[in-house]
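Below: the structure, in structure tokens.
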Number of protein chains: 2
Amino acid sequence: MRAALDLVDRDGGAALTMRSLAKDLDVEAPSLYKHVPNKEAILDGICELVYAEVVIDEVGEEWEERLRAYADGFRRALLRHRNAVPILATRAVATEGSMLLVEVALAEFARVGFDAETARRLLNVVVATVLGMALAEIADQDSARTNFADPDKFPLASVTVVSTPADRDAEFDIALTMLTEGIRRLSEAA
Amino acid sequence: MRAALDLVDRDGGAALTMRSLAKDLDVEAPSLYKHVPNKEAILDGICELVYAEVVIDEVGEEWEERLRAYADGFRRALLRHRNAVPILATRAVATEGSMLLVEVALAEFARVGFDAETARRLLNVVVATVLGMALAEIADQDSARTNFADPDKFPLASVTVVSTPADRDAEFDIALTMLTEGIRRLSEAA
DNA sequence: GCTGCTGGCTAACAGCGTTAGCTGGATTGG
DNA sequence: CCAATCCAGCTAACGCTGTTAGCCAGCAGC
């Protein structure tokens, strides 16, 4: 699993091949099947490793701050393994490491006073946002694919499509602010 | 392109093969290359078709309502082509149809009074959220993959992981509320 | 009526995930 | 202490993938 994640980090997700992974391990491809049922399991293992690598900073008691720390830790882990993000994003979460993340988040929401159902919904929204933004960030970095539009047809879009890394940080900050403000409003309404 | 999207809708993204697509068109696989440089172009075409299919309901003047209509129209198009969502999500947007969507959204944000830079950021957040949630919804539907956790280790997560379609609608509603409330707060601050 | 283009075809290649079956060295049991 | 067992590697091979090369029928225009 470790070797697989390293390979993905180094060469990208498409380069992860039974044969290439085997080569990294100084072994032939079919030998891998003595340790793993199929490639799916390797992809699951990669997800597991990334989730396990999420570290959430210890911060104060205010839930806004804690939510920020949570989302931020999640995001950092994703960006540390950019090439693995498309794998994570298209795979249902059902592993040990991801469950732990879910658990602590639900506990946080419960602490603030949300019922279990609402907590789960809020968490799904938060996770979708973090993953969605990471995905967009990864997608447009290898989109040196000359994506400039015709300024006559799209006067607004043509000038503003591209995002720098700093932009992405700012966008994530905005997203977090929106999430916390939205949650605050919901909790006040309840 | 049309045939490719139909095939993906019917049999899933993994089933889209040069040979399978050719068979649907009563043709042999290599003939496709007379019309298309490679498979990538077909995937781009699929994205283009889905984006072109987005219809945004005509609603009142209030921007909250209009944002909802926008996100909702986007989401409906994605859910109409569930199997295509992983393709869309892992592909940078640079096509005609997607540009049009970007353009109208930026115009809306400008109308409300945001500067171009902020508008672009807000839009990125909105799109990431819609895509991220659609992705999660698609992912957990084919996750009949028995993903129940050990209740001792994860008391909260174990009971609440699964989402029904109605749940997902509710979650999307929550997400939209959070986005609008967050944006309102930002616009008030500015 | 010949020329050339267009869009199909067959054959083939390298690389993919995966299976079957063999083999040598370590580990265990009597 | 030798024999039996198991384990983890190996080679060979299958059917599938995207893609290229090269051929050929039919239609267009001069």
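Here is the naming used below: chain letters follow the sequence lines, and residue numbers restart at 1 for every chain.
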For atom NZ of B:K34 and atom P of D:dT19, their distance in whole Å: 16 Å
Starting the side chain at C-beta, find the nucleotide from C:dC9, D:dT19, C:dT19 nearest to B:V27. C:dC9
For the pair made of CG in B:L21 and C1' in D:dC16, what is the distance, rounded to whole Å? 16 Å
B:I42 CD1 to D:dT17 P, straight-line distance once rounded to whole Å: 13 Å
Can you tell me how far P of C:dC5 sits from NE2 of B:H35, to the nearest Å? 18 Å
N/O donor-acceptor pair, side chain A:R19 with base C:dG15, under 3.5 angstrom: no
Quick one, B:R91 and B:E40 - any side-chain contact, counting heavy atoms below 4.5 Å? yes
With distance as the sole test, does B:E48 use its side chain to make a donor-acceptor pair with the main-chain N or O of B:G97 at under 3.5 Å? yes
Tabulate below the donor-acceptor pairs under 3.5 Å that side-chain atoms of residues 22-31 of chain B make, not counting sequence neighbours, or state none.
residue	atom	partner	partner atom	Å
B:D24	OD2	B:R10	NH2	2.5
B:S31	OG	B:E28	O	3.4

With nearest nucleotide decided by heavy atoms, which residue, B:A29 or A:P30, maps closer to the 5′ end of DNA chain C? B:A29
Do the side chains of A:R68 and A:T177 get nearer than 4.5 Å, heavy atoms only? yes
Just how far, in rounded Å, is P of D:dG18 from CG of B:L32? 10 Å
Choosing from D:dG18, D:dA12, D:dT19, which nucleotide comes nearest the side chain of B:T17? D:dG18
What does A:L16 touch in the nucleic acid at a heavy-atom separation under 4.0 angstrom: a base, only the sugar-phosphate, or nothing? sugar-phosphate
At under 4.0 Å, does any side-chain N or O of B:S31 touch on OP1 or OP2 of C:dG7? no
Euclidean distance, atom OH of residue A:Y33 to atom P of C:dG17 [Å, nearest integer]: 7 Å
D:dC10 C1' sits how many Å from A:K23 NZ, rounded? 16 Å
In whole Å, what is the span from the CD atom of B:E28 to the P atom of C:dA11? 10 Å
Ignoring hydrogens and angles, tell me if any N or O in the side chain of B:N83 forms a donor-acceptor pair with the backbone of B:D9 under 3.5 Å. yes
